[in-house]
Amino acid sequence: KGDKMKYKWYLIIVVVIIVFFSIKYFNDYREKGLDDVINYDISNFESLVFYEGIEGFEWKTDKKEHAEEFKDFLSQYRVKRMKDVEWNSDVSKEKGFSVSIYSQGKPIPIMASIYEKRILFVNEGKYYKVINEQIDIDWVENYITEHPN
């Protein structure tokens, strides 16, 4: 009788583990908003830095309205996680930029490389493809031009 009880408990534990990882996998690979992936709390916002290439621009701001406008910009896009093997590391022919978002009380910033059709979310080492319209990189470049440091 004791062996049957142990077997039932092992079976329950295995089923719970399988269900947990199935839900986690589904959640990781479901469609979501880019603002859900690159998520930051405006009330703890410290600074926002945009970079482009090695010799490109760098723009930094500590104004909350810029962080809010960038969050609104991100919210337009829907993304879906890519498998690591689907990511092509050659981004030389793509327009894009990198962003770092610093928050109070957090020693490590949120970091991402954003291209027209895909995103590398550095903090989690995950890749995403844009599934609605391509990201308007020109919007970021124009925003920086219109709001000089």
Side-chain angles (χ1 to χ4, degrees), residues 10-149:
Y10 286 131
L11 188 59
I12 290 170
I13 290 169
V14 167
V15 168
V16 166
I17 290 170
I18 290 171
V19 168
F20 171 78
F21 283 105
S22 297
I23 291 170
K24 184 175 175 1
Y25 180 85
F26 172 76
N27 190 45
D28 268 359
Y29 286 91
R30 72 178 171 81
E31 179 183 318
K32 52 184 93 172
L34 183 52
D35 59 327
D36 293 328
V37 174
I38 303 173
N39 189 4
Y40 54 97
D41 184 358
I42 298 290
S43 64
N44 293 332
F45 170 77
E46 201 168 273
S47 65
L48 174 66
V49 184
F50 291 114
Y51 309 92
E52 182 183 56
I54 295 169
E55 296 179 24
F57 63 80
E58 177 179 318
W59 182 81
K60 182 176 182 176
T61 182
D62 59 1
K63 295 181 180 170
K64 285 190 181 194
E65 64 261 19
H66 294 165
E68 289 169 351
E69 288 179 59
F70 184 60
K71 195 170 192 120
D72 287 344
F73 169 76
L74 294 176
S75 71
Q76 303 174 70
Y77 302 102
R78 304 293 299 165
V79 296
K80 197 167 187 178
R81 184 159 173 213
M82 299 168 65
K83 293 187 166 105
D84 293 355
V85 296
E86 295 175 304
W87 181 266
N88 177 356
S89 60
D90 180 10
V91 294
S92 62
K93 294 175 180 63
E94 294 183 53
K95 285 180 75 173
F97 63 94
S98 294
V99 62
S100 296
I101 303 159
Y102 295 84
S103 297
Q104 297 165 356
K106 294 192 179 184
I108 298 171
I110 294 170
M111 297 183 291
S113 293
I114 299 174
Y115 303 97
E116 292 171 312
K117 297 178 184 167
R118 57 196 183 131
I119 294 97
L120 163 57
F121 186 47
V122 176
N123 297 70
E124 296 180 0
K126 294 180 180 175
Y127 306 106
Y128 292 87
K129 60 184 168 189
V130 181
I131 55 176
N132 56 350
E133 60 194 277
Q134 75 179 27
I135 294 177
D136 185 3
I137 304 300
D138 292 336
W139 181 91
V140 174
E141 293 172 357
N142 292 334
Y143 190 85
I144 289 167
T145 304
E146 293 167 10
H147 300 86
N149 304 22

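What's counted below: heavy atoms across the whole structure, side chains too, no hydrogens, waters or symmetry copies. Please read these numbers as outputs of a predicted model, since none were measured by experiment.
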Apply salt bridge (Lys or Arg N to Asp or Glu O under 4.0 Å) to Glu65 and list each qualifying residue two or more places apart in sequence or on a separate chain. none
Tell me, please, which residues at least two apart from [X] pass side-chain hydrogen bond (donor to acceptor under 3.5 Å, both in side chains).
{"X": "Asp72", "value": "none"}
{"X": "Ser89", "value": "none"}
{"X": "Glu31", "value": "Arg78"}
{"X": "Ser103", "value": "none"}

For Val91 and Tyr115, which heavy atoms make the closest approach, and how far apart are they? CG2-OH, 3.5 Å
Closest non-hydrogen atom pair, Ser100 against Tyr102: CB-CE1, 3.8 Å
For residues Ile114 and Ile38, determine if any side-chain heavy atom of one lies less than 4.5 Å from a side-chain heavy atom of the other. yes
Nearest 0.5 angstrom please: Gln104 CD to Ser47 OG, how far? 10.0 Å
Can you measure from CG (Asp41) to CD1 (Ile101) and round to the nearest 0.5 angstrom? 12.0 Å
Using the side chain to side chain contact (heavy atoms under 4.5 Å, CB included) rule, take Ile42 and Lys71 through it: C-alpha gap first, then chi angles, then the decisive distance, then the call. CA-CA 9 Å; Ile42 298 290; Lys71 195 170 192 120; 4.2 Å; yes
Quick check against the 3.5 Å criterion: does [X] have a side-chain atom that pairs as donor or acceptor with the backbone of [Y]?
{"X": "Lys32", "Y": "Asn27", "result": "yes"}
{"X": "Gln76", "Y": "Phe73", "result": "yes"}
{"X": "Trp59", "Y": "Tyr143", "result": "no"}

I'd like to check the side chain to side chain contact (heavy atoms under 4.5 Å, CB included) partners of [X]; sequence neighbours left out, ordered by chain and number.
{"X": "Tyr25", "answer": "Tyr29, Lys83"}
{"X": "Glu146", "answer": "Asn142"}
{"X": "Val14", "answer": "Ile18"}
{"X": "Gln134", "answer": "Glu116, Lys117"}

Is Ile13 atom CD1 crowded by more than 12 heavy atoms from other residues, nucleotides or ligands, each under 6.0 Å away? yes
Over 12 non-hydrogen atoms of neighbours within 6.0 angstrom of NZ in Lys63: no
Any salt bridge (Lys or Arg N to Asp or Glu O under 4.0 Å) pairs touching residues 91-114, not counting sequence neighbours? Glu94-Arg118, Lys95-Asp138
Cut-off 3.5 Å, no hydrogens considered: what does the side-chain donor-acceptor table look like for residues 119-130, sequence neighbours left out?
from, atom 1, to, atom 2, distance (Å)
Asn123, OD1, Met111, N, 2.6
Asn123, ND2, Pro109, O, 2.8
Glu124, OE1, Lys126, NZ, 3.4
Lys126, NZ, Asp28, OD1, 3.4

Check ring pair (Phe, Tyr, Trp, His ring centres under 6.0 Å) between Tyr40 and all other residues, then give those that pass, not counting sequence neighbours. none
Could you check whether Phe70 and Phe50 have their ring centres less than 6.0 Å apart? yes
Go through the steps to decide whether Leu34 and Ile135 satisfy the test side chain to side chain contact (heavy atoms under 4.5 Å, CB included), and finish with yes or no. CA-CA 10 Å; Leu34 183 52; Ile135 294 177; 3.9 Å; yes
